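Below: the structure, in structure tokens.
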Amino acid sequence: MTLIADCGSTKTDWALVDAAGDADYFASPGMNATIMAPEELRGKIREAISDRVDCDAVGRVFFYAAGCRTAAHRENIADTFGAILPVARVAVESDLLGAARALCMHDAGIACIMGTGSNCCEYSPYNGGVITASVPPLGYVLGDEGSGSAIGKALVSDALKGLLPRRLVASLLDFAGMDADGIIAATYRGEAPNRFLAGFARFASANIGQPEIAAIVDRCIGAFFDRNVMQLPGCRELPVNFTGSIACTFNDRVSEVCARNGLRCGIFVKRPIERLVEFHRSNRCRD
């Protein structure tokens, strides 16, 4: 059996693939796997898979997670899986490589994540599928342009500074279920401010017909291209592919920005996990 996971801060998608190639898909809450203590991560993984997985039957694990930038990160997570799945060989990689393999499969391309956070890279299918160029995402404070958290931050900032019409401000506060002080407290003192801010992207989607909201979304998507995609050396020659809730929700606007920049827009995939199963099922990734 092979266990594959696409782990984000909001949600983790899992697939358990049997010897015949049939997959059982399930989901669990997201995990910040690289910053959790080993015992906490071990508990989260056990909670996620215990009802669906025979731990003694899993021979291979492919775990793609946000923040896995260093060998130490990958080794720590692999050791945690090893304590749960005693006979499994474990490969831990970044969520960006997972997105790239899912979006580009066995062809060269540009892979973009636009969800709670954002990221992008240039991908080569050789040597099992590798990232050949990328731009640091820098997180929701310094970067993550075009993400849900960036859209939410811009939207909330404009609303609380009085730059939106009063009716939209009132509607946004009603959506949040709190006043301005509550929003500020949740942003600066909340447990997961990036996810809190990203939640306002749903308000943006519901009100995209309002020109002020459309302008915010378009500005954020444009910044993602200007500060990230356009920095990749192959962006004008390779197809630019997208995954994540923001990319799929605003796919028409993302496509427009691609065209405006002279880029070749590729595919939009809401959930990479199914294409990751296909990628690994094809047995063209070096295990």
Side-chain angles (χ1 to χ4, degrees), residues 1-8 11-28 30-31 33-34 41 44-45 48-50 52-69 71 73-82 84-113 115 119-132 134 238-239 241-244 248 266-287:
M1 304 281 277
T2 298
L3 183 64
I4 304 171
D6 176 31
C7 178
K11 185 179 72 165
T12 302
D13 285 321
W14 303 83
L16 184 64
V17 186
D18 64 21
D22 295 325
D24 175 30
Y25 296 98
F26 58 100
S28 68
M31 299 178 279
T34 58
L41 178 59
K44 291 287 187 182
I45 294 172
I49 70 174
S50 60
R52 308 291 289 262
V53 176
D54 178 356
C55 294
D56 293 326
V58 176
R60 198 70 176 97
V61 175
F62 296 97
F63 187 77
Y64 298 95
C68 286
R69 293 181 295 272
H73 286 150
R74 294 189 289 270
E75 184 177 347
N76 290 339
I77 296 171
D79 288 346
T80 301
F81 269 101
I84 301 170
L85 307 170
V87 299
R89 289 185 298 138
V90 182
V92 179
E93 301 288 355
S94 70
D95 63 335
L96 185 58
L97 180 58
R101 286 175 169 175
L103 290 168
C104 304
M105 300 291 281
H106 309 302
D107 297 302
I110 304 296
C112 302
I113 299 174
N119 208 343
C120 69
C121 71
E122 190 170 318
Y123 170 84
S124 167
Y126 301 108
N127 297 320
V130 295
I131 292 172
T132 56
S134 63
L238 298 171
N241 307 290
F242 300 90
T243 188
C248 292
I267 63 172
F268 291 81
V269 173
K270 189 170 185 180
R271 296 175 66 242
I273 188 67
E274 294 178 5
R275 288 177 64 89
L276 278 172
V277 168
E278 183 181 346
F279 177 87
H280 287 293
R281 189 189 282 141
S282 71
N283 199 33
R284 294 178 64 178
C285 173
R286 291 184 179 179
D287 292 354

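A quick note: this is a predicted structure, and the numbers were derived from the prediction, not measured.
- The aromatic rings of Trp14 and Phe63 are tilted relative to each other, their planes meeting at an angle between 30° and 60°.
- Atom CD1 of Ile4 is separated from atom CD1 of Ile273 by 6.0 Å, given to the nearest 0.5 angstrom.
- Atom CG of Asp18 and atom CG of Asp24 lie 9.5 Å apart (nearest 0.5 Å).
- Side-chain contact of Tyr64 with Arg101: a donor-acceptor pair under 3.5 Å is present, judged by distance alone.
- Minimum heavy-atom separation, Thr243 to Val269: OG1-O, 2.6 Å.
- Scanning all heavy atoms of the two residues, the minimum distance from Val17 to Val277 falls at CG2-CG1, 4.0 Å.
- Not a single salt bridge (Lys or Arg N to Asp or Glu O under 4.0 Å) links Glu93 to another residue, sequence neighbours left out.
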Open item on the list: Checking Ser94 against Asn119 for the side-chain contact (heavy atoms from CB on, under 4.5 Å) test, could you report, in this order, the C-alpha distance in whole Å, the side-chain angles of both residues, the deciding distance, and whether it holds?
Closed with: CA-CA 11 Å; Ser94 70; Asn119 208 343; over 6 Å; no
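- Cation-pi geometry between Arg60 and Phe62 is satisfied (NZ or CZ under 6.0 Å from the ring centre, within 45° of the ring normal).
- Minimum heavy-atom separation, Cys248 to Phe268: SG-CB, 4.3 Å.
- For the residue pair Gly109 and Leu238, the shortest heavy atom distance occurs at CA-CB, 4.0 Å.
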TODO: Before giving the answer on side chain to side chain donor-acceptor pair (under 3.5 Å), spell out for Ser282 and His106 the whole-Å C-alpha distance, their side-chain angles and the decisive distance to 0.1 Å.
DONE: CA-CA 10 Å; Ser282 71; His106 309 302; 3.1 Å; yes
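- Closest heavy-atom contact between Gly266 and Asn241: CA-OD1, 3.3 Å.
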Open item on the list: Could you walk me through whether Asp13 and Leu276 satisfy the side-chain contact (heavy atoms from CB on, under 4.5 Å) test, starting with their C-alpha distance in whole Å, then the side-chain angles of each, then the deciding distance to 0.1 Å, before giving a yes or no?
Closed with: CA-CA 11 Å; Asp13 285 321; Leu276 278 172; over 6 Å; no
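- Between the side chain of Thr132 and the backbone N or O of Glu122 there is at least one donor-acceptor pair closer than 3.5 Å.
- Across every non-hydrogen atom of Phe279 and Met105, the tightest pair is CE1-O, 3.6 Å.
- Rounding to the nearest 0.5 Å places CG of Leu16 at 11.0 Å from OH of Tyr25.
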Donor-acceptor contacts under 3.5 Å from residues 75-82 side chains, at least two apart:
unit_1 : atom_1 : unit_2 : atom_2 : d
Asn76  : ND2    : Ala72  : O      : 3.2
Thr80  : OG1    : Asn76  : O      : 3.0

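- The SG atom of Cys121 sits 7.5 Å away from the CG atom of Leu97 when rounded to the nearest 0.5 Å.
- Within the 3.5 Å criterion, the main-chain N or O of Val130 finds no donor-acceptor partner in the side chain of Ser124.
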